[in-house]
Amino acid sequence: MATKTTIDQLEKQVGDTVTLQGWVYNSRASGKIIFIILRDGTGRCQCVIEKDENTESFFADVKKLAQESALALTGVVSKEERATGGFELKVTDATIVHAAGDYPITPKPHGIEFLMKHRHLWFRSQRQWHILRVRATVIDQIRRFFNDNGFLLMDTPLFAPAAGEGAQTLFQVDYFGDPVFLAQTGQLYLEAACMAHRKVYCFGPTFRAEKSKTRRHLTEFWMVEPEIAFASLSDVIDLSEDLLCSIVDRVLRDHLDDLEALDRNIDELHAIKKPFHRITYTEAADLLRGSKAKALLERDLVEKNARVEELNALIEELDATTKAQGVKQWKKDKAIAEVIDRREERSELEEQIRNIPHHMELAANFEWGSDLGGSDETIISRLHDRPVAVTHYPKRVKAFYMREDRTNDDVVECVDVLAPQGFGEIIGGSAREEDYDRLLRRIGEEKLDRNDYEWYLDLRRFGSVPHGGFGLGVERTVAWICNLKHIRETIPYPRMMGKFYP
RNA sequence: UCCCCGAUAGCUCAAUUGGUAGAGCGAGCGGCUGUUAACCGCUAGGUCGUAGGUUCGAAUCCUACUCGGGGAGCCA
C-alpha cells in the first residue's frame, strides 16, 4: 500500500512507493511515454508513465487529460536531474479524479486583462504561487513580531462614523439608514487602546476610494498599525526599522527559492539593515534641489536612451527571427514572446524618458511647503541603498492629529519610510498631538466637526501622554520584497478602481 | 478629473500602409520511448470593440462612445 505524500516531502522518500494527488500543470506525450508535470500545491514534480502491462489500463485515458485535470498518481520516487524540481515519480498506478475541460490559461503569454478576469485560476500559475507564499509569510512575521514584542492585538472597527483623515476618499455604506464609512485606518481607535494596554496593534483590511489607477494603489488593502504610549517620534522610527528588518530576515530565511524564482536581487535585500537613513523633509527638499538629484536624472536619461537603442536593435533582430524561413516554430514562439516583452519595456522607457525633464523641473524647483510627489520620493529613495525615513513635514500637508514640533510650529513630528530601489512609501507614521489645546486648534484649522472627535479629545483630558505609531501597507511591502512591478499581484483578489470581479 | 497608448479567432499577435482576414498556441483526430512552453501531419474556429462618416472599395483614414493598459493628482 503506497503512502500518500506531497511534493515538498519527496526528498525524504527516494526509493519509496508513494501516491501524489494534484493537477496537471503540463503534459507531453509520445506513443509510449507520457511526462506529466504535476502540481499539488506544495510544488511541482515530473511524473513519467511508460506504456507497459502495469499502466496499459489507464495509459490512453491519462494521455488525453487536459491541463489542470486532477489525478492521483502512485509510483516510485527517484532523484532525477533532468526533471524540474530534481525528483521524478515513475508511475505504476493512476486514478483520474476529474478530467478538466478546456483550461483558459495556457503555458503561453497572456494579456493582463485576461489574467485579471481569470484571477481565480491565475494564482495556480507558478509566478503567482511564489508571490502569494511570500505574502503569507510577510503577514505571519508581522503578527509574530508584534506578539513577541509585547504588543496586544486590538481589533478596530471597519464601520466608522467619521473620517480618519480626509473624507473624500471614503467608501460610504448604508448602515440601517445612517451613512457610515468603511475604515481607512484604525489609528484613532488604537490611540485610545494604547492608553489601556500601552503597546497595541491592529491588522486588517482597509478601504480607500481614491480614484487612482496606478501600480501602487488598491481600493482594498491590508495594513498593520502599531501604537505605543509614552513614545517619541524616534521610538516610532526605531520600531519601523525593527519591523521591516524582521520581515526581510524572515523572508530571506524561509523563501530564498521563491525569491529566486521571482528573479529578486537577494543582495539588495541582505543590505536591509539597521539603522535606516533618517533625513528631515527640509533636508529632502535640499537633496531634490541639489546636484546629486540632477546628476541622477541626467544619468537616467542617458542610460534609458541607450537602453532604448539596444531594444530597438534587439526587437529588429527578433522580428527577423520570427519571419525567417526554416526556423523551428518553438524558436519563433520564444522570439514573439520576447518581442512583446521588449516592446512593453521600450514603451515604458519612452514614457519615463518623456517624464524625466518634468521630474527634473519638479525636483529643481521644489518649494518648501508642498508635499513630496511620487517622482520626488523615487529620487530620494534611489539616492539611498537602504530604506529612508523622511521626517518633519510641513504641518499643512499632514493630518490634524500629528504632533507639532515644539521647536518649529511649521512642521509636525511625522515619518514616511520609503523603500529602496524607488518603490516609494511603505510606512507612514507620527507622534500624535497629546496637548488638548493644540489638538483642538488643529481640528478647527482643518475645519473638522468637533462633535465627531469628542471621544478622541477625551484621551487628552484623562492622563494624556506622548504617544505614536505608524501604518505599514502589506501589499506595497510584498511588492518591494518580491520586486514586482504592480501591486495587483500581491493579493489573492485585488480590488482596484472599477474592478471587483472575481 | 486630466494626459498618453491600445482593442482583429478561446489566447498571444500578423495583415506588404486603402484592394479576397493569416500564423502559432489552445481544442479535435492521427503519429512518435526521455520530454523540459516537446515535436510532425490533418480538421474546425472571425459581425476586425460599438455607432456614424469619407471612398468604387475600410481591420486600415476621420468623429463620437464603450472597455482596457500606463501615468499625473492623492495615498500605504
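Numbered from 1 within each chain, the chains take letters A, B, ... in sequence-line order. Just so it is clear, the structure is predicted and the values come from calculations on it, not from any experiment.
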- request: Could you go through the salt bridge (charged side-chain N to carboxylate O under 4.0 Å, His left out) check for A:Arg135 and A:Glu475 one step at a time?
  value: CA-CA 8 Å; A:Arg135 174 192 170 88; A:Glu475 288 75 16; 2.9 Å; yes
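Under the Watson-Crick or G-U wobble criterion, with both distances below 3.5 Å, B:rU55 has no partner in any strand shown. For B:rU8, there is no paired base (Watson-Crick or G-U wobble, both distances below 3.5 Å). Here B:rU50 sits opposite B:rA64 as a Watson-Crick or G-U wobble pair (both hydrogen-bonding atom distances under 3.5 Å). Across all strands shown, B:rC42 pairs with B:rG28; the Watson-Crick or G-U wobble distances both stay below 3.5 Å. Base pairing of B:rU1 is made with B:rA72, judged by Watson-Crick or G-U wobble geometry with both donor-acceptor distances under 3.5 Å.
Partners of A:Phe207 under the ring pair (Phe, Tyr, Trp, His ring centres under 6.0 Å) rule, at least two apart in sequence or in another chain, do not exist in this structure. A:Trp129 pairs by the ring pair (Phe, Tyr, Trp, His ring centres under 6.0 Å) definition with nothing, not counting sequence neighbours. Under the rule for a ring pair (Phe, Tyr, Trp, His ring centres under 6.0 Å), the partners of A:Phe123 that lie at least two apart in sequence or sit in another chain are A:Tyr493. The ring pair (Phe, Tyr, Trp, His ring centres under 6.0 Å) check on A:His120 picks up nothing, with sequence neighbours excluded.
Of the residues listed (A:Val390, A:Leu383, A:Asp376), the one engaging A:Leu287 in a side-chain contact (heavy atoms from CB on, under 4.5 Å) is A:Leu383, and it is the only one.
Listed nucleotides: B:rA76, B:rG26, B:rU36. Nearest to the side chain of A:Thr84: B:rU36. Distances from the side chain of A:Asp371 to the nucleotides B:rG69, B:rU12, B:rC75 place B:rC75 closest. Comparing atom distances between the A:Glu210 side chain and each of B:rU12, B:rG69, B:rC74 picks out B:rC74 as nearest. Proximity note for A:Glu377 (side chain, C-beta onward) versus B:rA76, B:rG71, B:rC75: the nearest is B:rC75.
A:Glu227 and A:Gln187 share no donor-acceptor pair across their side chains, judged by distance under 3.5 Å alone. Between A:Thr185 and A:Glu225, the side chains place a donor N or O and an acceptor N or O closer than 3.5 Å (distance only, hydrogens not considered). A:Gln46 and A:Arg82 form no side-chain donor-acceptor contact under 3.5 Å, judged by distance and modelled atom types alone.
Heavy atoms of A:Arg44 sit nowhere under 4.0 angstrom from any nucleic acid atom. Residue contacts for A:His110: at a heavy-atom cut-off of 4.0 Å it reaches the sugar-phosphate backbone alone, with no base atom in range. A:Pro104 comes within 4.0 angstrom of no nucleic acid atom, judged by non-hydrogen atoms across all strands. Note on A:Ile427: only backbone sugar-phosphate atoms sit closer than 4.0 angstrom, heavy atoms only; bases stay farther off. As judged by a 4.0 angstrom heavy-atom cut-off over every strand, A:His118 is placed among residues making no nucleic acid contact. Nucleic acid contact for A:Gly111: sugar-phosphate only, since backbone atoms but no base atoms lie under 4.0 Å from a heavy atom of the residue. A:Asp416 comes within 4.0 angstrom of no nucleic acid atom, judged by non-hydrogen atoms across all strands. Within the 4.0 angstrom heavy-atom criterion, base atoms lie near A:Phe221.
Comparing B:rA64 with B:rG28, their C1' atoms are spaced 43 Å from each other, to the whole Å. B:rU16 sits 12 Å from B:rU60 when the P atoms are compared, rounded to a whole Å. Rounded to a whole angstrom, the distance from the P atom of B:rA15 to that of B:rG19 is 12 Å. Using atom C1' as the reference point in both B:rC29 and B:rU35, the two lie 22 Å apart (nearest Å). Here, B:rU12 and B:rG53 have their C1' atoms 32 Å apart, quoted to the whole Å. Only the C1' atoms considered, B:rA58 is 13 Å distant from B:rA21, to the nearest whole Å. Between B:rC25 and B:rU43, the distance separating the two P atoms is 14 Å to the nearest Å. B:rA27 and B:rG45: their C1' atoms are spaced 9 Å apart (whole Å).
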- request: Can you check each nucleotide of nucleotides 2-8 of chain B against protein heavy atoms at under 4.0 Å and return B for base, S for sugar-phosphate only, - for none, in 5' to 3' order?
  value: -------
Collect all protein-nucleotide pairs involving nucleotides 27-35 of chain B in which both atoms are nitrogen or oxygen and the distance is under 3.5 Å.
from   : atom 1 : to      : atom 2 : distance (Å)
B:rC32 : N4     : A:Lys63 : NZ     : 3.2
B:rG34 : O2'    : A:Arg82 : NH1    : 3.3
B:rG34 : N1     : A:Glu88 : OE1    : 3.2
B:rG34 : N1     : A:Glu88 : OE2    : 3.4
B:rG34 : N2     : A:Gln46 : NE2    : 3.3
B:rG34 : N2     : A:Glu88 : OE2    : 2.5
B:rU35 : O2'    : A:Arg28 : NE     : 2.9
B:rU35 : O2     : A:Arg28 : NE     : 2.8
B:rU35 : O2     : A:Arg28 : NH2    : 3.0
B:rU35 : N3     : A:Gln46 : OE1    : 2.9
B:rU35 : N3     : A:Gln46 : NE2    : 3.2
B:rU35 : O4     : A:Gln46 : NE2    : 2.8

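If you take NZ of A:Lys211 and C1' of B:rG70, they are 19 Å apart, rounded to a whole angstrom. Rounded to a whole Å, the CG atom of A:Asp376 is 11 Å from the P atom of B:rA72. Residue A:Lys213 contributes atom NZ, which lies 20 Å from atom P of B:rC75 at whole-angstrom precision. Going from atom CD1 of A:Ile105 over to atom P of B:rU12 covers 11 Å, rounded to whole Å. Atom CD1 of A:Ile487 and atom C1' of B:rA76 are 8 Å apart (whole Å). Per the geometry, NE2 belonging to A:His358 stands 10 Å off C1' belonging to B:rG73, to the nearest Å. Going from atom CG of A:Leu362 over to atom P of B:rG71 covers 16 Å, rounded to whole Å. Here the C1' atom of nucleotide B:rA76 and the CD1 atom of A:Ile142 are 12 Å apart, to the nearest Å.
In this entry the base of B:rU12 is anti relative to its sugar, with a glycosidic angle more than 90° from 0.
Along RNA chain B, the nucleotide nearest A:His217 and the nucleotide nearest A:Phe114 are compared for position; the residue whose nucleotide lies closer to the 5' end is A:Phe114. Nearest-nucleotide assignment on RNA chain B puts the 5′-proximal partner with A:Asn26, out of A:Glu475 and A:Asn26.
The pair A:Asp238-A:Arg278 meets the salt-bridge criterion, with a side-chain N (NZ, NE, NH1 or NH2) lying under 4.0 Å from an Asp/Glu carboxylate O.
Phosphate proximity of B:rG69 to A:Lys499: present, with a side-chain N or O under 4.0 Å from OP1 or OP2. Applying the 4.0 Å criterion to OP1 and OP2 of B:rA37, one finds that A:Arg127 has every side-chain N and O outside that range.
Here the straight-line distance linking atom CG of A:Asp416 with atom OH of A:Tyr281 works out to 11.5 Å at 0.5 Å rounding.
At most 12 heavy atoms of other shown residues, nucleotides or ligands fall within 6.0 angstrom of atom CD in A:Glu11. Applying the 6.0 Å contact sphere to NZ of A:Lys117 captures no more than 12 heavy atoms from other residues, nucleotides or ligands.
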